[in-house]
Amino acid sequence: MDLGFSTEHEKFRSELRAWLSDNLEQSWSESLRDRGNDEHALIELRRQWQRRMYQGGYLGMRWPAEWGGRGATEVEEAILAQEIALADAPPILNALGLGLCAPALIHHGSEEQRRRFIPPMLNADEIWCQGFSEPGAGSDLASLRLKAVVDGDFFVLNGQKCWTTYGPWGDWIFVLARNDAEDRYGGISFILVDLRNTEGVEVRPLKQITGESEFGEVFFDNARVPRSQLVGETGQGWKIAMTVLGYERGGATLGPATELGTDLFALLRTCRELGITDTASRAKLGLLVAEWQVLMANGYRTLAGLSEGNAPGPESSIQKLVWSELDQRLRATAIELLGPGAQLSRHDPSARTDVDWSRNYLWARAETIFSGSSEIQRNIIAKRVLGLPQA
Amino acid sequence: MRFDISEDQQLLRDATRDFLAGECPMEAARRLAEESDEGYSADHWAKLAELGYLGLVAGEQAGGQGMGAVELVIVAEEMGRACFPGPYLDVVVAARALELAERDSVAADIAAGKLTVVLATRDTVWPGESGGATFADGRVTGSKAFVPFAASADKLLVTTDKGLALVDGPFRLDAMTTMDEATRFARVNFDNTAELLGDNALVEKANELGTIGSAAMALGVCQVTLEMTVEYTREREAFGRPIATFQALQHRMADMLLRAEGSRSLVYRAAWALDAGQSEAALMLGSAKAWAAESALANSRECLQMHGGNGFTWEYSVHRYLKLAGTLDQFNGARDEMLESALLAAEELASENAAGKAATG
């Protein structure tokens, strides 16, 4: 066993830490609290920050060299995610494009597609949305119905996508569309659509429980999309989507867990400061600490496996479940322990400035739903790990 | 980075599993726990000594194998799976404490199986009671509660007002029975000759091994109760199909897996951190013990529930795990104390750097 970082990894971390402290002018929490920043301004801040990260050489670190790659490993990717969380830097704006669409292009796209789409994606000149979920296809994604019919050099798209992250700011979207109604998995294609310049495409913001609209709905009404924007072959969409969902794994092992840890630490400091030190409260805090340690230990274990070249298995289901459910408990416990003050929104002058507990408490409710709900993750564990017989 | 254990460690795991399966299958473990006076087998102990298990973590100069927390965790996990009866961890911890107190020859006698020594550190049963041991003029007087397997001990390591004392037998004791019939606790009333060894803190250091060892036994319980539940629900039919096909049970078994795998990640990482002298070992140790023991309890309760009425019978062995989990949860670091110690360690990290640079732990 060896769960420590090597000297080279520690060197990478300290260079990165120095780079972050030189380049990050304002923490993301401060930017969020600034009343002058509306949702659009925050998107622009994130655009600028992504550019800087790209120029610093910290995007696409594991890709081929011509697309920004630097031969980095899963471990370095995990360190990057940790340090971004610790530095409280803005989240990468084009995370979905870089995380899902770019790998699809690198592994399944044409050279022409790569040259056209990857550079502006890296530089945040074009913001990408993910078009997988539909009103009738959430957990059961393969029941998606956005229709793609070939007409000469075009696909004609009809249908709807929803829960489209960054929809209101998106320039492009990669969709899974159905080209064959009879073939559940083999009748799906991976298609790139210009959200701004395609007739028949309309994006409507979707207001969520936090009052923000980072999601959107996208409507396709006889939208004509050039066939050159198909990735891979017709009918390969499901396979491509499932493959790319497994690519960016290193960052997921420790990034969210570290972010959770920084908020947990803030809660510990605040409870001390406010004199919340009774036995019952400390028992709750102690349990959160232990559960956070489970999350970190699972993360290091998975990362160790990835670094040894083990194919990622259903560990990702375990980590998604543990993280999302613990994050909800952390925020619910914070709201409970901190009392009425934690109900204040971040712009209220009496709000504490460490963590925006009320907003994050609400936001955390999404975490057990997106990227495979807790119920789906438990199904996966029951079936693939425990091998339980299916009804 | 590597989570997997080494080839040598894998051999140790296989050898331990084979030893336990051959020497002490569940029927034998239950007979010893439920019917014998000592609560364990002298024959097993002689073999454990011969194979080097009793001196596993003691240094070579103290007759031991000089292995670390990871190896102890490997052995203890198997013992938890097997409900192996007896004071294994207690004896190992005592040997380590004696080594730390520079009593290598006594530790070597323990490792060789010639001498049985366990720790007596708990003053009272309930909060607010008076109790405890005092040392004066070469004798220890007073009492200690919940001394494990005291009736089999030749000597006891006792925390006193003056420090840690090695107390000579024989002992005057009152047996204490708990809901776990495998335990052999006693209240020991002292008026015995003794030798003062040093600071009581010596025990705390050695007890880290008892704590991580107990956490590993709990991990073994977590894992085996999951396996028993999966096996039983696959066989047992209701409404014309195996009950394992019901999603209501599948999701609960998925949760059992989360507990077992979480405990595995945490216990082994904590053991590695102890061996590597990592500064965050205390955070991990408290978390591992509290979480693994609570998980062992939860998994054995779920195991019982999914065994239905059978799980409530004496005949089925599910209750052995429920009871073992309860003992592990409360001794060698009770859950509340462990959570408080993890919390204190986390608070220290949190205050060291208000920006939270330490949250990589």
Side-chain angles (χ1 to χ4, degrees), chain A residues 1-6 17 75 82 85-88 254 258-266 268-269 272 279 282-283 285-287 289-305 307-308 315 318 321-322 375 377-383 385-391, chain B residues 1-6 9 70 226 230 233-234 241-242 244-247 249-251 253-255 257-258 261-266 268-273 275-276 278 283-284 286-288 290-291 294 336 338-343 345-347 349-351 354-361:
Chain A
M1 284 186 79
D2 180 8
L3 295 172
F5 292 105
S6 68
R17 204 171 267 194
V75 178
Q82 278 197 315
L86 293 175
D88 192 7
L254 296 176
T258 305
E259 215 174 311
L260 191 154
T262 62
D263 282 4
L264 173 60
F265 278 17
L268 300 185
R269 286 192 296 267
R272 266 282 157 102
T279 313
R282 288 190 70 75
L285 292 173
L287 187 58
V289 168
E291 291 180 310
W292 170 59
Q293 280 297 295
V294 173
L295 187 67
M296 293 304 293
N298 278 343
Y300 277 103
R301 177 179 170 189
T302 305
L303 185 61
S307 77
E308 293 228 292
E315 297 92 350
I318 295 176
L321 265 174
V322 175
E375 289 71 26
Q377 306 296 353
R378 285 190 169 84
N379 286 348
I380 293 173
I381 291 170
K383 190 175 167 185
V385 188
L386 294 173
L388 296 177
Q390 300 301 296
Chain B
M1 290 177 102
R2 185 181 158 88
F3 181 80
D4 298 330
I5 55 176
S6 70
Q9 290 167 335
V70 173
L226 169 62
V230 168
T233 57
R234 289 178 72 102
R241 52 192 175 112
T245 57
F246 297 125
Q247 196 180 35
L249 300 194
Q250 292 192 345
H251 282 195
M253 286 187 263
D255 284 335
L257 178 114
L258 294 184
E261 293 301 333
S263 298
R264 179 171 304 285
S265 304
L266 193 46
Y268 276 87
R269 181 164 185 247
W272 168 79
D275 287 343
Q278 293 274 313
L283 170 64
M284 295 178 207
S287 301
W291 171 263
E294 184 175 0
D336 288 354
M338 290 292 101
L339 288 179
E340 178 65 18
S341 106
L343 177 56
E347 284 177 326
L349 287 173
S351 67
K357 279 275 153 69
T360 52

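Just so it is clear, the model here is predicted, and its values are computed rather than measured. Labels below follow one simple rule: chain letters A, B, ... track the order of the sequence lines, proteins then strands, and each chain is numbered from 1.
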Q: Measure the shortest side-chain to side-chain distance between B:R269 and A:R301 over non-hydrogen atoms and say whether it is less than 4.5 angstrom.
A: no

Q: Non-hydrogen atoms of chain A under 4.5 Å away: do they reach the side chain of B:Y268, the backbone, both or neither?
A: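 Both backbone and side chain of B:Y268 come within 4.5 Å of chain A.
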
Q: When heavy-atom pairs shorter than 4.5 Å are enumerated against chain B, which of A:L287, A:L386, A:T279 gives the highest number?
A: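 Answer, by heavy-atom pair count under 4.5 Å with chain B: A:L386.
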
Q: For B:T245, give me all partners under side chain to side chain donor-acceptor pair (under 3.5 Å), at least two apart in sequence or on another chain.
A: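 B:R241.
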
Q: Quick one: what part of B:L226 sits under 4.5 Å from any heavy atom of chain A, side chain, backbone, both or neither?
A: side chain

Q: Who among A:V385, A:V75, A:N379 has the most heavy-atom pairs with chain B under 4.5 Å?
A: A:N379

Q: Can you check whether A:W292 reaches A:D263 side chain to side chain, under 4.5 Å on heavy atoms?
A: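 With C-beta onward as the side chain, the pair stays apart.
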
Q: Work out which heavy atom in A:R378 is nearest to a heavy atom in B:L258; give both atom names and the distance.
A: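 Distance-wise, the nearest heavy atoms are NH2-CD1, 4.4 Å.
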
Q: Where is the tightest heavy-atom contact between A:N298 and B:G262, given as atom of each residue plus distance?
A: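 Of all heavy-atom pairs spanning A:N298 and B:G262, the closest is OD1-CA, 3.7 Å.
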
Q: In terms of heavy-atom proximity below 4.5 Å to chain A, should B:D336 be classed as side chain, backbone, both, or neither?
A: neither

Q: Which residues pass the salt bridge (Lys or Arg N to Asp or Glu O under 4.0 Å) test with B:R264, sequence neighbours left out?
A: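 Only B:E77 meet the salt bridge (Lys or Arg N to Asp or Glu O under 4.0 Å) criterion with B:R264.
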
Q: Using a 4.5 angstrom heavy-atom cutoff, name the option from A:T302, A:I381, A:L388 with the most pairs to chain B.
A: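 Top option by heavy-atom pairs under 4.5 Å: A:L388.
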
Q: Could you pull out the closest heavy-atom pair between B:R234 and A:P389, with the gap in Å?
A: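 Closest pair (atom of B:R234, atom of A:P389, distance): NH1-CD, 3.9 Å.
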
Q: Is the closest side-chain heavy-atom distance between B:S287 and A:V289 below 4.5 Å?
A: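 Side chain of B:S287 against side chain of A:V289, heavy atoms only: contact under 4.5 Å found.
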
Q: Heavy-atom distance under 4.5 Å to chain B: side chain of A:A283, backbone, both or neither?
A: backbone

Q: Measuring heavy-atom distances to chain B, does A:E375 have an atom under 4.5 Å in its side chain, in its backbone, in both, or in neither?
A: both

Q: Does any backbone or side-chain atom of A:L295 lie under 4.5 Å from a heavy atom of chain B? Answer side chain, backbone, both or neither.
A: neither

Q: Using a cut-off of under 4.5 Å on heavy-atom pairs, state which of B:L257, B:V70, B:D275, B:L249 scores highest against chain A.
A: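 The residue among B:L257, B:V70, B:D275, B:L249 with the greatest pair count is B:L257.
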
Q: Is B:Q278 close to chain A through its backbone or its side chain, or both, or neither, when contacts mean heavy atoms under 4.5 Å?
A: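 Contact with chain A is absent: no heavy atom of B:Q278 under 4.5 Å.
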
